[in-house]
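Have a look at the structure below, then the notes.
A note on names: the letters A, B, ... follow the listed sequences, proteins ahead of strands, and every chain is numbered from 1. None of the values given here were measured: they were computed from a predicted structure.
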Amino acid sequence: MTVVREIDVIPFRNRIKETAAKMGMGLVNQTKLITAASELARNMLKYAKGGKVLIEVISKGRENGIRLVFKDEGPGIPDIALAMKDGYSTGKSLGLGLPGTRRLVSEFNIETEIGKGTTVTIIKWKNG
Amino acid sequence: MEKIPILKMGKLLLVTIQVDLYDRLAEALEADLVQMINKTGAQGVLIDISAVSIIDSFMGRIIGNIATMSKILDAETVVVGMQPAVAITLIELGLPLTGVYSALNVEKGMSLLQGKINLKETGFIPEDDGDTE
Ligand SMILES: Nc1ncnc2c1ncn2[C@@H]1O[C@H](COP(=O)(O)OP(=O)(O)OP(=O)(O)O)[C@@H](O)[C@H]1O
Ligand SMILES: [Mg+2]
């Protein structure tokens, strides 16, 4: 799914909601996942002029989950450790997005290359 | 652009958020509310978010801003009906909405607001639940 305008976030959130509801993910986990996705989509819009998101249902053993891959071709992040810190922001914001997202999901991975872009992958297990 | 309606009820402004919020809509609500408080001299703002299923850092911040701005304009803000899943998520995200009063439902929120307004006007809390003028 492409997210390049602010309004794209609504159908995007709905898609995740549908996928999560279909696999029987509980409401609290659904809410955490959608909130995390909303933060990452906003970062993509704000710092990288948008990007693409892949929504996948995955499984590991008996556990099902949803994996979201956020890929943009923005400026990249010079210091990931710093960006992951609570309160760090170059956008005069609260700097909660990345660290907060990591707390909300089961697995979190970020890869970035200056001048090339950033890819953030999150997984929320159904019961995780 | 769609708009979130603001209702005036006596000294209170009432907002029921029925649609999915996105950034610009939330920002417009903040601006509209500040303007309405200014124009009407409202003393309280009640925001019903029981239909809202997602609040992320941006929208959380807007709610916080509304509370701060109305405080400056001498009005109190109460947020009612936050879904438990939303409350849990906000805490984990790291945005505990400090400085925003909350209540379980509109009725409780109204009496909380009314109580605060009475307190401000008379300097004491009425003995019942604060519904009386
Ligand atoms: N996709 C991205 N591309 C480039 N830089 C990014 C990207 N995502 C985040 N960043 C950088 O990492 C910093 C931290 O991001 P984070 O989401 O934690 O905070 P924020 O967006 O500044 O504030 P908040 O999310 O609380 O509004 C940002 O200020 C920005 O500099
Ligand atoms: Mg952010």
Side-chain angles (χ1 to χ4, degrees), chain A residues 3-18 20-21 25-47 50 68 70 84-89 91-106 108 122 124 128, chain B residues 1-4 16-32 47-69 77 79-100 102 104-105:
Chain A
V3 177
V4 285
R5 290 171 312 158
E6 198 191 287
I7 194 98
D8 295 340
V9 172
I10 289 176
F12 168 61
R13 290 199 298 233
N14 291 340
R15 266 282 290 286
I16 302 171
K17 174 135 196 110
E18 273 164 32
M25 187 182 280
L27 190 60
V28 172
N29 277 351
Q30 274 187 38
T31 307
K32 287 182 182 180
L33 176 64
I34 299 166
T35 305
S38 198
E39 295 294 335
L40 295 176
R42 170 164 308 105
N43 279 355
M44 229 164 54
L45 287 168
K46 193 165 161 187
Y47 304 111
L68 304 176
F70 295 77
M84 289 305 298
K85 267 199 166 145
D86 268 318
Y88 176 80
S89 172
K92 294 205 185 98
S93 197
L94 294 182
L96 276 181
L98 289 176
T101 296
R102 177 154 67 179
R103 286 190 287 270
L104 290 172
V105 298
S106 319
F108 180 99
I122 57 175
K124 186 82 190 166
Chain B
M1 197 178 93
E2 49 183 333
K3 248 180 190 292
I4 298 167
T16 305
I17 303 177
Q18 297 277 17
V19 293
D20 263 324
L21 278 177
Y22 53 94
D23 297 6
R24 212 146 343 139
L25 195 57
E27 277 173 337
L29 174 65
E30 182 187 347
D32 286 351
I47 306 175
D48 181 0
I49 55 166
S50 55
V52 175
S53 59
I54 295 293
I55 296 182
D56 66 6
S57 66
F58 189 90
M59 298 168 240
R61 199 156 53 229
I62 295 275
I63 294 174
N65 285 351
I66 289 173
T68 310
M69 296 295 280
T77 302
V79 167
V80 304
M82 185 185 291
Q83 295 178 14
V86 171
I88 293 167
T89 300
L90 273 181
I91 290 169
E92 218 163 277
L93 186 64
L95 195 86
L97 288 189
T98 38
V100 182
S102 55
L104 276 182
N105 54 41

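Between the CG atom in A:Leu96 and the CG atom in B:Leu93 there is a gap of 5.5 Å [rounded to 0.5 Å]. The distance from the NZ atom of A:Lys46 to the CZ atom of B:Phe58 is 8.0 Å, given to the nearest 0.5 Å. Taking CZ of A:Arg5 as the start and CZ of B:Arg24 as the end, the distance is 9.5 Å to the nearest 0.5 Å. To the nearest 0.5 angstrom, A:Ile7 atom CD1 is 8.0 Å from B:Leu25 atom CG.
Put simply, the side chain of B:Ile55 does not reach to within 4.5 Å of the side chain of A:Thr35, judged on heavy atoms.
Interface residue A:Arg103: backbone and side-chain heavy atoms are both found under 4.5 Å from chain B. For A:Arg13, the part sitting under 4.5 Å from any heavy atom of chain B is the side chain, from C-beta outward, and nothing else. Only the side chain of A:Asn14 comes within contact range of chain B, with heavy atoms under 4.5 Å apart. In this structure, chain A has a heavy atom under 4.5 Å from the backbone of B:Ser53, while its side chain stays farther away. B:Leu90 does not touch chain A: none of its heavy atoms, backbone or side chain, sits under 4.5 Å away.
B:Asp48 pairs by the salt bridge (charged side-chain N to carboxylate O under 4.0 Å, His left out) definition with nothing, not counting sequence neighbours.
Side-chain atoms of B:Glu92 never come within 3.5 Å of backbone atoms of A:Lys32 as a donor-acceptor pair (strictly under, hydrogens ignored). Distance alone, capped at 3.5 Å, is enough to place a donor-acceptor pair between the A:Glu39 side chain and the B:Ser57 backbone.
Interface check for chain B: of the options A:Leu27, A:Val9, A:Asp86, A:Leu94, the most heavy-atom pairs under 4.5 Å are formed by A:Leu94. Highest contact tally toward chain A, considering only B:Leu21, B:Leu95, B:Val86, B:Thr89, is held by B:Thr89 [criterion: heavy-atom pairs under 4.5 Å].
Shown here is A:Met84, whose CE atom has more than 12 heavy atoms of other residues, nucleotides or ligands within 6.0 Å.
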